Each structure stands twice: as C-alpha cells, then as structure tokens.
2 protein chains.
Amino acid sequence: MKMYGNWRSAAAFRVRIALNLKGIAYEEVFLDLDAGDQHKPDFLAINPQGAVPALFDGDGPPLTQSLAILDYLEETRTGVPLLPEEPRARARARSLAQVVACDTHPLYVPRVRTFLMENYGLPRERMLEFLRNAFITGLKTLETRLSNEAGTGRFCQGDAVSHADLCLISLWVGTGIFGIDTAAYPTVKRISEEVLALDAVARAHPLRQPGAPAS
Amino acid sequence: MKMYGNWRSAAAFRVRIALNLKGIAYEEVFLDLDAGDQHKPDFLAINPQGAVPALFDGDGPPLTQSLAILDYLEETRTGVPLLPEEPRARARARSLAQVVACDTHPLYVPRVRTFLMENYGLPRERMLEFLRNAFITGLKTLETRLSNEAGTGRFCQGDAVSHADLCLISLWVGTGIFGIDTAAYPTVKRISEEVLALDAVARAHPLRQPGAPAS
C-alpha cells in the first residue's frame, strides 16, 4: 500500500501501527505540513480536506480518515485483530478511541492552531493554551474512564490491543512533542508504556520517521 | 433503551435517527446543556466526559460516543442497515461521517465555545468566528467530495442511508441553528433534503424534541 502521511501526524501514526499489526508492507510519502504541502493542488486532488493520512490500497480512490482506515483494514485483512469480537467490548474500545480521535486531536491540528493565531492575533504561546486545554481535557477523561471501568486490562479494552490503544498512544506521544505534563494520568501512562513496547508501535513511532527531529 | 441527550446536540440527533431506523423504542432524558447539567455529579457518574449522548441498552454500562453507538446498533440489531456491505463503500461512508464527527462538530461544542470566551476574553460574536470557520471548513470538504466522488448517489454513499448521512444531517441542521450561509453547498443541500424527508429523521429532528425553541 502507499500512504501519504507525516512524521508528527497522530492520525498517520495510528494507521502505521495498524498496517504493522496487520503485516502489510507499505510505502509512506511524507508531506511537510509546516510548509503547507497538504494544501497544494497535487495533494488536494488526493484529499480535498488537505489532511493526512490518505492511503491507497491498489487501484481505486484513496482511503481517508484514520478510524475509517482502521475499520477497512480490519474488514479486509487478517493479522492481529484491531477490535474485540464482543459487541459491548467493541463499543467501549471505539468510544475510548473517539475520545481521542473526535474530541481531542481535531482541536490541536495545524489548521486550528493557524486559525487561532491569524484570526484572533494570538501569539504562539497564548494559542498553545487552547492546545494544552484539549490535551488535558482528553487525558482527564481517559484517566477517569480507564482507572474506573471494569473493561480496562493490560490494554485499554481487556488484554488485547485495539483502536483505543492506537488512539491513546497517538495522544501520549503528542504529550512529549508538545510538552504536556502527564503526572496526573498514571493509568494512561501505564497502558501507553505497554503499547510502546509493541514492535509494531515502536517501528511506527513519529520520532523514527523521516523528517522528525533527532530527539 | 434509555438515552441521555439534548434537543440541540448533533451527536444525540445521530443516535435518535439510528434508533428510529432500527425500530428500537427508546426514552430520552433531556439534559439542559446551557445550565450545565452535563457537568453535575449525577451525570458525570454516567459519562465522566460530561458529554451526551449516553445510551443504556438494558443492564450494563452506558454506551458513549455517537459513532461507536451507531456501530454497536448495527452489530447487535436488525432493521435498516447503517452501512453498506462492500468494504470500500463502508470506508467511504465512514470517512465522510468522520469529516463531520471528528473534524467539524467537536470544534463548536459548548465546552470549546466557553473556553474561547473565558480564556481569551472573547465576546460571543467574536467567538462565533471560530464556530463559523469550523462549519465552513467542514461544508467545503463535504461539497467538494460529494460533488466529485463517484460513490455519491441519492445519499452520501450510493442510494442507501448510512453513517455519512446521519452525520451530514446533524451538521446541516446546525447551519440553521447557528445561522451559517449554505448557498455554496448545493450537493450537501440536495442530499440533506433527501435525508430530512425520511420519517426516522423527521421524528428525531432537534426542533421536535423537548426543550427546543418553537422555531
């Protein structure tokens, strides 16, 4: 498969992990989001939203939106399952994933950060208050749920990796990139360390992709 | 089933439509989001995120996050299918749904609007620029995709209703509530009118729920 992504993109990170867990060979084209590659005509012809990831599986139109891609891979490929079988467990794994992929990550993507700075004339440091609030709101919800709900196990949902862990780790790695204090989220930390120890995750790590800073 | 929702919530609207399409009887408890009911201890015990919808299906913990609930209903109930069978068509329906549910709607929920006003001292009218930008960005993406991609039919994906339409209509109704100009989105309008004509959607309409204004 061929994917358009970026070292830093949380959504591309989730898809790289899923491709690795499914044992699918892929090539990633790394867009420079800071240079605005995602808004250039060549890429807008692939994804009019101007967002990564976009994934090509042979011929046919690109697949977009990370959670939709995870479901597509689950429905069309063998390899490590990305969701449990039991419907309530599946729903919980999806719900935890969506706390990140719907209610947290979209609040701090480049297009939002740029709008805040340009439209309201905010300096970067004040704009980052919005980003930090998004991280903290998401992390608090995850910590409360993961530390209280019976479904939590070695991973977010039971003892097998799922959509929830792929989203959790994409947020956790972002806390490092953006300097978010994580001391108040011990359950998130414990599970994140389990997830990071998986080879499929380690190989997909943002800091191991082309374009990433050395540390 | 028993659902905690709100007349105005786009996410609760999606779930009401799905329950109607599946022919499931339900009771909705309407929280007053402007009064902060969602942040009171009784509701935080149900959903620590302080967000609607939360759905109870018999005994067992509440189901949260609208897209996770749609998948749960699809996996556990008969009635009108909420997704096509073919994997690429499913992925496209999900991707279009997530343009709304991940990248648009979470940017204008009450908690974000409140943060912008309180943290940056923005008057309501200036805060609404952020909301309008979210709507316009989402509507432009949807219009471009729906008017160009081969998968579009009577509805967003082919000629059957799907996740994509439930999300589209939740955004479309919001354009009325928040006064967003929709002249530039004729394909979105055409499909929205198809969706609104469905009885399952008409009965779920925000303005037909308790707590809604008269017009």
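None of the values given here were measured: they were computed from a predicted structure.
In this structure, B:Ala68 and A:Ala91 approach most closely via the heavy-atom pair CB-O, 3.8 Å. The minimum heavy-atom distance linking A:Arg126 with B:Asn119 is given by the pair NH2-O, 3.1 Å. When every heavy atom of B:Tyr120 is checked against every heavy atom of A:Met127, the shortest pair comes out as OH-O, 3.4 Å.
Among A:Val99, A:Leu116, A:Ile69, A:Thr144, the residue with the largest count of heavy-atom pairs under 4.5 Å with chain B is A:Val99. Among B:Thr76, B:Asp71, B:Leu96, the residue making the largest number of heavy-atom pairs under 4.5 Å with chain A is B:Asp71. Residue with the most contacts toward chain A among B:Glu149, B:His163, B:Arg145, B:Glu129: B:Glu129 (heavy-atom pairs, distance under 4.5 Å). Between chain B and the options A:Cys102, A:Pro87, A:Ala101, A:Gly151, heavy-atom pairs under 4.5 Å are most frequent for A:Cys102. When each of B:Thr137, B:Thr104, B:Leu122, B:Val112 is scored by its heavy-atom pairs under 4.5 Å with chain A, the top score falls to B:Leu122.
For a residue to count as touching a neighbouring chain, one of its non-hydrogen atoms must lie under 4.5 Å from one of that chain's; by this rule A:Phe130 touches chain B with backbone and side chain alike. Residue A:Val109: no heavy atom, backbone or side chain, is found under 4.5 Å from chain B. Both the backbone and the side chain of A:Arg88 come within less than 4.5 Å of a heavy atom of chain B. Neither the backbone nor the side chain of B:Leu142 comes within contact range of chain A, judged by heavy atoms closer than 4.5 Å.
The interface of residues 187-195 of chain B with chain A, defined by heavy-atom distances below 4.5 Å, is empty. Interface residues of residues 42-65 of chain B toward chain A, defined by a heavy-atom distance below 4.5 Å and sorted by number: B:Pro48, B:Gln49, B:Asp57, B:Asp59, B:Gly60, B:Pro61, B:Leu63, B:Thr64, B:Gln65. Proximity to chain A at a heavy-atom threshold of 4.5 Å picks out nothing from residues 28-37 of chain B.
Annotation: ring pair (Phe, Tyr, Trp, His ring centres under 6.0 Å) contacts involving residues 89-113 of chain B, sequence neighbours excluded, comprise B:His105-B:Tyr108, B:Tyr108-B:Phe135, B:Tyr108-B:Phe178.
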